[in-house]
Amino acid sequence: MLLGTVLVLLLAGAAPASAHAALRSTDPDDGSLVRQAPRHVTLTFTESVGLLDDSFRVFGPDQRRVHTGEATHADGRSDTARVGLPGKLAEGTYTVAWRVVSADSHPVSGAFSFSVGKRSATTGQIVDTGPAEDPLTRGLYDGARYLAYLAAALLVGTVAFALLCRPAHTAPLRRPLVAAWWTLLGSTAVLLLLRAPYEAGTGPAAAFDTSALGRTLTGRPGLALLARLLVLLLTAAFLLWLSRRRDSVKRPVALAIGTALATALALTWAAAEHASAGIQVPAAMTSSVAHLLATGVWLGGLVALLLTLRRSSGDDLVEVVPRFSRIAFASVTVLAVTGLYQSWRGLGSLSALSGTSYGRLLLAKLAGVAVLLLVAGYSRRWTARIAAPAAPARAAVPAPVPQPVGATAGGREAAEVPGTGEPGTSRESESRGESESRGEPESPDGPAGPGDGPGDPGIRRRLRRSVLVEVAVAAVVLMITTVLTGTLPSRAEAEAAQQAPVGALPPTTEITVPFDTGTESVTGSGKVLVTLDPARVGENGVQAVVYGTDMGLVAVPEVRITFTLPSRKVGPIDAELADRGGYWSTNSVNLPLAGDWTMKTTVRVSDVDQVSVERRVRVEP
């Protein structure tokens with residue numbers, strides 16, 4: 001029931017949004033010359049894409065922005081993007097800049113050109129699509145994604161360790177379990193808020209734009225994050241139920257519920273990242289879920305094992321450590337099979353290993369995994385030392401011959417070998433001789449002796465150290481994985497590279513406007529960074545971001561910008577900026593004449609405090 005609900009939420013959402021899509025074709029064709037002006041511009045991608053408010057910007061032969069309609073999908077196809085053009089277009093070359101969100105939740109952008117009637121001077125120039133993303137937003141988003149991966153691995157691994165390895169004392173696991181749950185909840189909420197500015201390439205202040213958040217909640221990545229929050233709430237209820245009725249709950253029932261919840265949790269990643277787009281989607285999503293679950297069981301289980309080694313008794317470890325060793329081996333096998341498939345699917349060719357960023361990151365991840373397996377092999381040696389005494393304990397051992405107190409053997413007092421119940425001597429050489437005569441295998445660091453076993457603090461200490469190294473290396477591997485999931489796959493990059501470079505976008509104009517209202521409040525002074533795009537006659541876009549004295553983003557009640565052309569007595573023209581939740585913008589300021597315009601910026605910081613500053617702005621023909 002739970003899995004079905006999550007599948008409906010993720011796979012039958014209202015509108016697809018975001019993946020590493022490659023542009024397959026354009027209509028009109030890139031670089032083409034058409035006799036009649038087209039009514040629409042249509043893009044076709046290799047995968048489904050989501051649309052933004054500013055998915056298209058069209059510039060005419062004079063590099064003035066052309067008024068366009070709202071971006072839509074052509075004929076209802078999710079792998080297309082279309083925008084309507086005015087009824088009459090002048091002759092010359094037009095440049096189209098676009099930005100969409102591909103099916104694996106990553107924004108992509110580009111530009112192309114076409115000509116109507118004749119070509120103009122913009123043909124053949126290289127396109128400058130501007131920054132694809134805001135560095136601060138990207139950094140915060142990637143940080144939250146990494147924390148989400150870590151928390152999910154710890155949550156899944158800790159629960160799996162408790163249910164499958166069955167340690168006698170689970171108290172040491174409660175604190176990391178609670179920390180993992182809260183960390184995953186918080187990082188998911190942050191991802192949900194940052195999703196809109198991440199898609200649009202804007203600053204993090206736009207995260208509080210309610211209209212943008214509403215659009216996020218209707219897209220596949222937003223639905224996936226909402227589903228993750230739902231699964232987390234169900235997980236919390238399951239854990240509380242399990243802790244209160246631990247003695248009465250049957251282990252198969254707990255395992256079945258835990259597996260369903262873990263699978264649903266992994267599905268919230270698989271349904272909104274690389275696996276959800278491209279070739280063989282059903283197989284890829286199945287592989288991705290299995291890969292994520294195996295990662296959690298192994299890496300999260302390592303942390304749980306480390307805590308158990310520190311707190312549990314030696315007798316408990318005789319059963320727990322070998323069980324986890326077998327589970328870890330099965331997890332590594334699943335990771336190897338699914339990782340090989342996902343690497344083939346993302347790379348497309350062996351040459352991409354060294355020729356693309358995705359391939360080089362994959363090589364770095366493989367190197368990290370190799371180191372991790374090397375350390376894991378070392379840990380298995382100490383695991384064998386702990387598990388070794390359990391075998392003779394379960395076997396039939398002849399009863400020892402009673403010895404009178406003080407009896408001697410060869411003039412020396414007889415002693416009982418700890419942990420065996422067999423008579424022996426206190427001399428190490430005689431103990432070694434007995435081991436050899438019984439055919440017992442020697443331990444990795446020498447023959448087995450009285451100190452071997454789970455109660456030996458030396459063995460437990462060495463195992464703890466090796467597991468600690470595994471955890472550290474695993475954290476690095478998980479960091480590389482986070483970057484890898486945000487990198488364009490080599491297969492998609494190869495498809496995108498088949499598109500030819502195109503025309504040029506007009507440059508934007510940035511104006512810095514310092515202000516000081518004369519008040520002592522935090523927002524009483526600072527600067528406004530105003531961007532005018534393309535600063536040419538016709539329709540322009542305006543964005544205004546307010547910074548405080550510490551260069552941090554600040555929120556103010558109002559920012560108003562007007563334009564006046566004194567030489568022609570035109571204006572003032574109000575830009576009518578809209579508050580986007582931390583920044584102010586509009587896409588429809590019509591400046592009808594070329595010349596030196598006066599831009600008046602008014603910043604209101606309270607009901608009574610405001611200041612206006614004027615700056616000269618050049619508007620080209």
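- No side-chain heavy atom of Arg65 sits under 4.5 Å from any side-chain heavy atom of Val58.
- A cation-pi arrangement, defined by a distance under 6.0 Å to the six-membered ring centre and an angle within 45 degrees of its axis, is present between Arg228 and Trp269.
- Side-chain contact between Glu558 and Val603 is absent, with no heavy atoms from C-beta onward closer than 4.5 Å.
- Between Tyr198 and Tyr141, the ring-plane angle classifies as parallel under the 30° and 60° cut-offs.
- Listed here is the closest heavy atom pair of Ala264 and Val231: CB-CG2, 3.9 Å.
- Two residues are said to be in side-chain contact when any heavy atoms from C-beta on lie closer than 4.5 Å; Leu335 and His291 meet this criterion.
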Pair Trp584-Val556, side-chain contact (heavy atoms from CB on, under 4.5 Å): steps then yes or no: CA-CA 10 Å; Trp584 302 73; Val556 296; 4.2 Å; yes

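- Between the side chain of Asp142 and the backbone N or O of Leu140 there is no donor-acceptor pair closer than 3.5 Å.
- To the nearest 0.5 Å, atoms CD (Gln543) and OG1 (Thr586) are separated by 10.0 Å.
- Here the closest heavy-atom approach between residue Asp596 and residue Pro566 is recorded as O-CD, 4.1 Å.
- Rounded to the nearest 0.5 angstrom, His40 NE2 and Leu85 CG are separated by 8.0 Å.
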Check against side-chain contact (heavy atoms from CB on, under 4.5 Å), His67 and Asn590: CA-CA 10 Å; His67 180 76; Asn590 188 14; over 6 Å; no

Arg82 vs Thr42, side chain to side chain donor-acceptor pair (under 3.5 Å): CA-CA, chis, key distance, verdict: CA-CA 4 Å; Arg82 170 176 287 180; Thr42 304; 2.9 Å; yes

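- Side-chain contact between Val617 and Thr598 is absent, with no heavy atoms from C-beta onward closer than 4.5 Å.
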Residues Gln610, Thr602; criterion side-chain contact (heavy atoms from CB on, under 4.5 Å); working and verdict: CA-CA 7 Å; Gln610 70 177 35; Thr602 301; 4.0 Å; yes

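- Put simply, the side chain of Thr188 gets close to the backbone of Leu184: a donor and an acceptor are under 3.5 Å apart.
- Between Met599 and Ile511, the closest side-chain pair of non-hydrogen atoms falls below 4.5 Å.
- In this structure, the side chains of Trp597 and Arg616 stay at 4.5 Å or more apart for every pair of heavy atoms.
- A donor-acceptor pair under 3.5 Å is absent between the side-chain atoms of Thr531 and the main chain of Val542, judged by distance alone.
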CA sep, side-chain torsions, deciding dist, call: Leu593, Val619, side-chain contact (heavy atoms from CB on, under 4.5 Å): CA-CA 8 Å; Leu593 300 172; Val619 175; over 6 Å; no

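- With Ser288 contributing its side chain and Ala284 its backbone, the two residues share no donor-acceptor pair below 3.5 Å.
- Here the straight-line distance linking atom CZ of Phe59 with atom OG1 of Thr93 works out to 15.0 Å at 0.5 Å rounding.
- To the nearest 0.5 Å, atom OG of residue Ser612 and atom CZ of residue Arg560 are 6.5 Å apart.
- For the pair Ser32 (side chain) and Pro28 (backbone), a donor-acceptor distance under 3.5 Å is absent.
- In summary, Arg77 and Asp79 engage in a salt bridge, as defined by a charged side-chain N under 4.0 Å from a carboxylate O.
- With sequence neighbours excluded, no residue forms a ring-ring contact (aromatic ring centres under 6.0 Å, His included) with Phe563.
- Remark: of the listed residues Asp30, Thr26, Val41, Val41 is the sole one forming a side-chain contact (heavy atoms from CB on, under 4.5 Å) with Phe114.
- What you find for Ala144 and Val190 is that their closest heavy atoms are CB-CG1, 3.9 Å.
- Residues Gly60 and Val66 come closest through the heavy atom pair N-CG2, 3.7 Å.
- Contact of the Leu43 side chain with the Phe112 side chain is registered, since non-hydrogen atoms from C-beta on lie closer than 4.5 Å.
- Thr44 contributes atom OG1, which lies 8.0 Å from atom CG of Leu23 (distance to the nearest 0.5 angstrom).
- How far CG of Leu565 is from CG of Leu591: 9.0 Å, rounded to the nearest 0.5 Å.
- His73 places a side-chain N or O within donor-acceptor distance of the main-chain N or O of Thr80, the cut-off being under 3.5 Å.
- Scanning both residues, Thr512 and Arg615, for their nearest heavy atoms gives O-NE, 3.8 Å.
- Summarising the geometry of Ala90 relative to Val116, their closest heavy-atom pair is O-CB, 4.1 Å, with the distance given to 0.1 Å.
- Counting heavy-atom neighbours within 6.0 Å of Arg618 CZ, excluding the residue itself, gives a total above 12.
- For Thr95 (side chain) and Ser113 (main-chain N/O), no donor-acceptor pair under 3.5 Å exists by modelled atom type.
- Pro534 places a side-chain heavy atom less than 4.5 Å from the side chain of Asn540.
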